[in-house]
J.: 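Okay, handing you the structure first.
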2 protein chains.
Amino acid sequence: MKKDISTEEKIKQAASKVFVKKGLAGARMQEIADEAGINKAMLHYYYRSKDKLFHSIFMEVVKEFTPKIIGVLNADLPLQKKIERYVEEYIGMLKNDPAIPLFIFNEMKNNPKEFIEKVGIVESGVLDKLNDQLIEEKRVGNIRFISVHEFMINLVSLCVFPFLAKPMFQGIFNASDDEFYKFMEMRKKSIPVFMMAAIS
Amino acid sequence: MKKDISTEEKIKQAASKVFVKKGLAGARMQEIADEAGINKAMLHYYYRSKDKLFHSIFMEVVKEFTPKIIGVLNADLPLQKKIERYVEEYIGMLKNDPAIPLFIFNEMKNNPKEFIEKVGIVESGVLDKLNDQLIEEKRVGNIRFISVHEFMINLVSLCVFPFLAKPMFQGIFNASDDEFYKFMEMRKKSIPVFMMAAIS
DNA sequence: GTCTATAAAGGGATAGAC
DNA sequence: GTCTATCCCTTTATAGAC
């Protein structure tokens, strides 16, 4: 931990690291304090309880993570380019933080209501532009019909699932981290091909 | 809890339910005891520790779950039928136990080595038959080339990911359990279509 | 704001009666 | 085998000095 950043920032970084790795129930305040290079009492001084600290971190992670996921969807790009950029960015981001999806899905499962209330619906309009685009491409005969929901869940599935299954994947194929990331690098190319073929 | 089953069986059922829901770190021995309708001491009488109980349950869940996943792969079926049956069975199974994938991926992340040692590699031959089939279909021109690894991870992604993301999905689209399962029922049809188009 | 020391609660594990 | 009572370590949280 660098000395030139504020204590609160040190706590945030440390807590984020430990919570993402261990989850709420598995994390220890002592471990977070150690990771931050401070002592436990400071954690309670800045955030009154473990729950509050967790909640704060969780929101921060989610809010940093979700906008990146939907940004490209509204870009003014032809469908194929949009898919390519989306996959490229999404997988690139996950290579830096491979544990985030499992973290989010877990804690969302443990507390679905709060999540929805606090993070709020990703405004229901985000898929509108993409929806129009799919309809238009279908009209001119470039693709067959597919609902925007199915399209999105398939696209996200193909990008994210391997990261969720990373330990199993590496176990079964006896693959190192390097090999796994090389595989995902390949998928930046193969997923768009797969997607385009699937809807053409 | 029924009275006509053995205590050990009651413990297994209760522990399985609680561990799958809460994970190892989040589960409480007291909660398992309550769920089983017995007291904590009995848990230690049958399984010396929480870790041992968890380990036993985890192995049981994995061993019951994985064979079903690979069974169809070696069936003697044309590719399309094989995909259809696979998707049908996999999604059908997950509708009964939607929390299993997250449970397995979580605890595998927490202890990847042990998992590999104990569960063992899903023998490296399981994909051979499917691999041959993909090569043959490519040779006769029915499909384009796709490695058996990509094929499998894509197929599994499309089936499993929605269950991992279930809470988020339901939150974003404000969907009830019924609606979610209806959506997955549709996917039993749409995934095979999507897959076949993607590789043709 | 930051520390040490300690309280208070939680939760896994065991002893011992029946 | 099953229970109650209890031990005792772990972990969260607070008090109080500096």
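Each chain gets a letter, A, B and so on, in the order the sequences are listed, and its residues count up from 1.
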J.: Could you go through I135(A) and V148(A), starting from their C-alpha distance and side-chain angles, then the distance that decides it, and tell me whether this counts as side-chain contact (heavy atoms from CB on, under 4.5 Å)?
T.: CA-CA 9 Å; I135(A) 290 171; V148(A) 68; over 6 Å; no

J.: Please encode protein proximity along nucleotides 1-14 of chain D as a string of B, S and -, counting only heavy-atom distances under 4.0 Å.
T.: BBBB------SBBB

J.: Could you tell me whether E185(A) and K182(A) make a salt bridge, using a distance below 4.0 angstrom between a side-chain N and a carboxylate O?
T.: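 No, no charged N to carboxylate O under 4.0 Å.
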
J.: Can you check the Y47(B) OH to dG12(C) P distance for me, whole Å?
T.: 17 Å

J.: Centroid-to-centroid, F151(B) to F194(A), below 6.0 Å?
T.: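 Ring centroids of F151(B) and F194(A) are no less than 6.0 Å from each other.
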
J.: Hey, do the aromatic rings of F105(A) and F161(B) have their centres closer than 6.0 Å?
T.: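 So the answer is yes for these two rings.
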
J.: Give a yes or no on whether the ring-centroid distance for F19(A) and F58(A) is below 6.0 angstrom.
T.: no

